[in-house]
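Numbers for residues simply follow the sequence, beginning at 1.
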Amino acid sequence: MATLLERQLENALNGRGPEDPQGEPMEVWWNYLAPEFKRFVDGSYVLVDSAWDLEDAAGGSLRLTYLMEKVGEGISFRGAVDEIKDDNGTVLATRSFPLPRELQARSKAATFPWRRVDRFAPPPREKWLDGDESLREKIDFNQRPIDNSSPSISLSVTVQSTELSAGAKGDTYLFPLLFGPARSFRPAKPGQRVSTPSLVIIPTYRAGEGDIGSRVPSVGILRNKTVAVFGMGAIGAPVAIELARNGCRQLVVVDHDVVEPGNSIRWPLGATAWGVRKTAAIKQHVEAEYPWTSVESVQHFIGMPSASGGEGDRSVLPPIIAKADLVIDATASSGISRLLAEFCKKAAKPLISVFGTSSLKGGIVAYYHPTSGCPTCREFAYDKRLIDKPPGSGESSSLRQPPGCSELTFTGASFDLQELSLESLRLAVDVLSRPEQFEQSVVHTLALHDGSRRLPPSWRIDELHCAPECGCNH
């Protein structure tokens with residue numbers, strides 16, 4: 001044991017020996033320390049971008065958009081760095097990532113000093129509590145409180161070189177926030193009680209475009225794509241949210257329905273969305289949680305004849321399809337699937353159509369290439385036994401009419417429907433990433449049941465060629 005410890009200590013001191021292939025970003029340790037401060041409030045952060053390069057600049061100014069709220073004796077502070085300049089006023093970095101919605105709506109902006117320091121590792125907690133002057137000097141330089149806010153605040157930002165990841169160097173930022181009454185920042189007068197501002201460390205988080213996508217590089221293709229999703233039901237709404245979560249640049253969501261309490265058992269949002277148009281609820285949720293995605297909400301009843309001069313499908317749908325890189329049909333309506341396939345063929349746009357059987361013993365995720373098989377071709381393939389139908393096709397005994405609903409509905413659960421939603425997203429990423437490999441329509445068939453009992457999900461893939469009887473490509 002002694003020999004082992006000696007060898008490991010020697011390797012550690014000399015930077016040799018086996019080591020995990022990872023870097024040690026300095027902010028990890030500061031962020032870990034932040035909650036130790038008495039007046040720290042969970043949810044505080046300042047956002048930066050790993051792509052910024054401050055080069056060898058020694059200091060300058062930093063403009064920050066922030067939202068500050070007093071919480072008991074503590075302070076909640078959320079912000080994002082907008083711009084960094086050097087001492088000569090040269091702009092070194094600017095924010096390109098979008099702000100969270102709460103910062104867009106209620107934020108302030110202020111400029112604070114920054115300077116580069118040598119390695120400044122978090123000291124033991126006791127040193128902060130003891131008011132160590134050497135520490136105060138490092139984080140309290142050029143103090144310039146903002147007096148038009150309540151409480152008054154001061155930030156003196158330090159920047160130091162750090163490992164960002166294995167073999168990659170960059171800058172890390174330390175945001176020590178001083179806050180308190182304006183008088184606490186001024187020297188005490190003779191006979192006056194000394195009052196000093198409170199100190200908290202605000203965690204640093206990385207929110208640049210590369211930071212958001214670095215954990216899942218395979219979905220990077222979505223960052224500059226527009227996807228139109230028709231049908232915001234129990235399949236389409238999760239598809240839209242997953243597209244946003246994985247970095248899709250723009251969504252166009254189309255539906256006419258309202259979220260009812262009964263929908264919640266298999267819809268992605270709960271009571272906060274009751275009574276809200278499904279498209280509006282999805283837009284609000286996505287843009288609040290995933291600010292890099294913009295959502296166009298279109299309230300339209302596909303297939304409903306227009307009346308009183310209202311716009312019909314042939315005026316509403318083509319502009320939506322024209323702007324989309326991919327169209328996803330989650331309406332679970334064979335008629336609408338054929339209509340969308342017609343528009344997509346004319347616009348030379350790929351279409352993914354997804355639905356579950358009425359008993360939800362199985363389902364379909366079909367990709368239709370604009371020059372290959374279409375939904376009608378798929379029906380011909382079923383009739384000719386070229387492709388097997390999903391389990392439960394044609395069954396209607398499990399349909400049920402809920403109280404207060406004018407139509408029958410299926411009784412499938414969200415945890416089975418999600419198999420279809422997630423496969424739609426997998427196929428969407430593959431089609432957009434490798435279009436040259438998807439020049440033929442394909443049908444992904446899901447089986448959840450063997451006729452007598454439930455089974456773990458299994459998928460079968462069949463190519464779908466143009467049926468001569470269809471004539472869709474003539």
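Other residues, nucleotides and ligands contribute at most 12 non-hydrogen atoms within 6.0 Å of the CD atom of Glu209. Residue Trp459 qualifies as enclosed at atom CH2: its count of foreign heavy atoms under 6.0 Å is above 12. Environment of CZ in Arg385: sparse, with no more than 12 heavy atoms of neighbouring residues, nucleotides or ligands closer than 6.0 Å. The local environment of NZ in Lys389 is sparse, with at most 12 non-hydrogen atoms from other residues, nucleotides or ligands closer than 6.0 Å.
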Starting from the C-alpha separation in whole Å, work towards a yes-or-no answer on side-chain contact (heavy atoms from CB on, under 4.5 Å) for Val46 and Phe77.
CA-CA 8 Å; Val46 175; Phe77 189 93; 4.0 Å; yes
List the steps and the verdict of side-chain contact (heavy atoms from CB on, under 4.5 Å) for Tyr382 and Asp388.
CA-CA 6 Å; Tyr382 288 151; Asp388 291 334; over 6 Å; no
Step-by-step side-chain contact (heavy atoms from CB on, under 4.5 Å) determination, Lys361 to Arg454:
CA-CA 8 Å; Lys361 293 179 180 177; Arg454 290 175 60 87; over 6 Å; no
Evaluate the criterion side-chain contact (heavy atoms from CB on, under 4.5 Å) for residue pair Val81 and Leu47; output intermediate values, then yes/no.
CA-CA 6 Å; Val81 175; Leu47 305 177; over 6 Å; no
Step by step, work out the side-chain hydrogen bond (donor to acceptor under 3.5 Å, both in side chains) result for Arg78 and Ser44.
CA-CA 5 Å; Arg78 285 158 286 179; Ser44 298; over 6 Å; no
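Remark: the Glu423 side chain and the His444 side chain contain an N/O donor-acceptor pair separated by less than 3.5 Å. Residues Ser452 and Asp450 have side chains that bring a donor and an acceptor to within less than 3.5 angstrom of each other. Using a 3.5 Å distance cut-off with no hydrogens or angles, the side chains of Arg338 and Thr376 do pair a donor with an acceptor. In summary, the side chains of Tyr290 and Arg245 do present a donor paired with an acceptor at a separation below 3.5 Å, with no hydrogens or angles considered. Residues Ser337 and Asp329 have side chains that bring a donor and an acceptor to within less than 3.5 angstrom of each other. Under the 3.5 Å distance criterion, with hydrogens and angles disregarded, no donor-acceptor pair is assigned to the side chains of Thr204 and Glu27. Under 3.5 Å, the side chains of Gln440 and Ser372 contain a donor-acceptor pair of N or O atoms. In this structure, a donor-acceptor pair under 3.5 Å is absent between the side chains of Thr172 and Gln160. With hydrogens and angles left out, the side-chain atoms of Thr158 and Trp114 include no donor and acceptor closer than 3.5 Å. In summary, the side chains of Thr279 and Ser297 do present a donor paired with an acceptor at a separation below 3.5 Å, with no hydrogens or angles considered. Counting only N and O atoms by type, the side chains of Arg63 and Thr111 include no donor and acceptor under 3.5 Å apart.
For the pair Glu287 (side chain) and Val295 (backbone), a donor-acceptor distance under 3.5 Å is present. Looking at Asp211, its side chain does come within 3.5 Å of a backbone N or O of Gly208 through a donor-acceptor pair. No donor-acceptor distance shorter than 3.5 angstrom exists from the side chain of Asp255 to the backbone of Lys278, with no hydrogens or angles considered. Lys225 places no side-chain N or O within 3.5 Å of a backbone atom of Leu326 that could act as its donor or acceptor partner. Asn263 contributes a side-chain N or O that, together with a main-chain N or O of Glu260, makes up a donor-acceptor pair within less than 3.5 Å. Formation of a donor-acceptor pair under 3.5 Å by the Lys38 side chain with backbone atoms of Phe40 is not found in this model. Judged purely by atom type and a 3.5 angstrom limit, Ser421 uses its side chain to pair as donor or acceptor with the backbone of Ile235. At distances below 3.5 Å, at least one donor-acceptor pair connects side-chain atoms of Ser315 with backbone N or O atoms of Gly312.
Note that CG of Leu164 is 8.0 Å distant from CG of Asp171, once rounded to the nearest 0.5 Å. One distance of note links OG of Ser441 with CG of Asp462; it measures 12.5 Å at 0.5 Å rounding. With rounding to the nearest 0.5 Å, the separation of CG in Leu448 from CZ in Arg453 is 13.0 Å. A distance of 10.0 Å separates OG of Ser414 from CG of Leu360, quoted to the nearest 0.5 Å. Annotation: the span from Ile320 atom CD1 to Lys349 atom NZ amounts to 12.0 Å, rounded to 0.5 Å.
Side-chain atoms of Thr293 and Leu251, non-hydrogen and from C-beta on, do get closer than 4.5 Å to each other. Taking 4.5 Å as the limit, every side-chain heavy atom of Arg223 sits out of range of all side-chain heavy atoms of Ile212. Side-chain contact check for Leu425 versus Asn246: some heavy-atom pair is nearer than 4.5 Å. Side-chain contact between Thr65 and Leu99: present, with at least one pair of heavy atoms (C-beta onward) separated by less than 4.5 Å. Gln284 is listed as a side-chain neighbour of Arg101, based on a closest heavy-atom distance under 4.5 Å. Val157 is not listed as a side-chain neighbour of Leu174, based on a closest heavy-atom distance of 4.5 Å or more. Two residues are said to be in side-chain contact when any heavy atoms from C-beta on lie closer than 4.5 Å; Leu64 and Leu155 meet this criterion. Contact annotation: the side chain of Glu83 approaches that of Val91 to within less than 4.5 Å [non-hydrogen atoms, C-beta and beyond].
The nearest pair of heavy atoms linking Ala93 to Leu54 is CB-CD2, 4.2 Å. Taking each heavy atom of Ala237 and Ile282 in turn, the nearest pair found is CB-CD1, 3.8 Å. In plain terms, the two heavy atoms of Gly74 and Val41 that are nearest each other are C-CG2, 3.9 Å. In plain terms, the two heavy atoms of Pro122 and Leu33 that are nearest each other are CB-CD2, 4.1 Å. Of all heavy-atom pairs between Trp52 and Arg95, the closest is CZ2-CA, 3.9 Å. Closest non-hydrogen pair, Asp313 versus Phe343, comes out as O-CZ, 4.2 Å.
Partner Trp30 forms a ring-ring contact (aromatic ring centres under 6.0 Å, His included) with one of Tyr173, Tyr205, Phe120, Phe175 and no other, that one being Phe120. Exactly one residue among Ile461, Val354, Val443, Ile352 makes a side-chain contact (heavy atoms from CB on, under 4.5 Å) with Tyr367. That residue is Ile352. Phe230 pairs in a side-chain contact (heavy atoms from CB on, under 4.5 Å) with only one of the listed residues (Leu351, Ile328, Leu317), which is Leu317.
Salt bridge annotation for Arg426-Glu242: absent, with no cationic side-chain nitrogen under 4.0 angstrom from a carboxylate oxygen. Using a cut-off of 4.0 Å between Lys/Arg side-chain N and Asp/Glu carboxylate O, Glu163 and Lys169 are scored as not salt-bridged.
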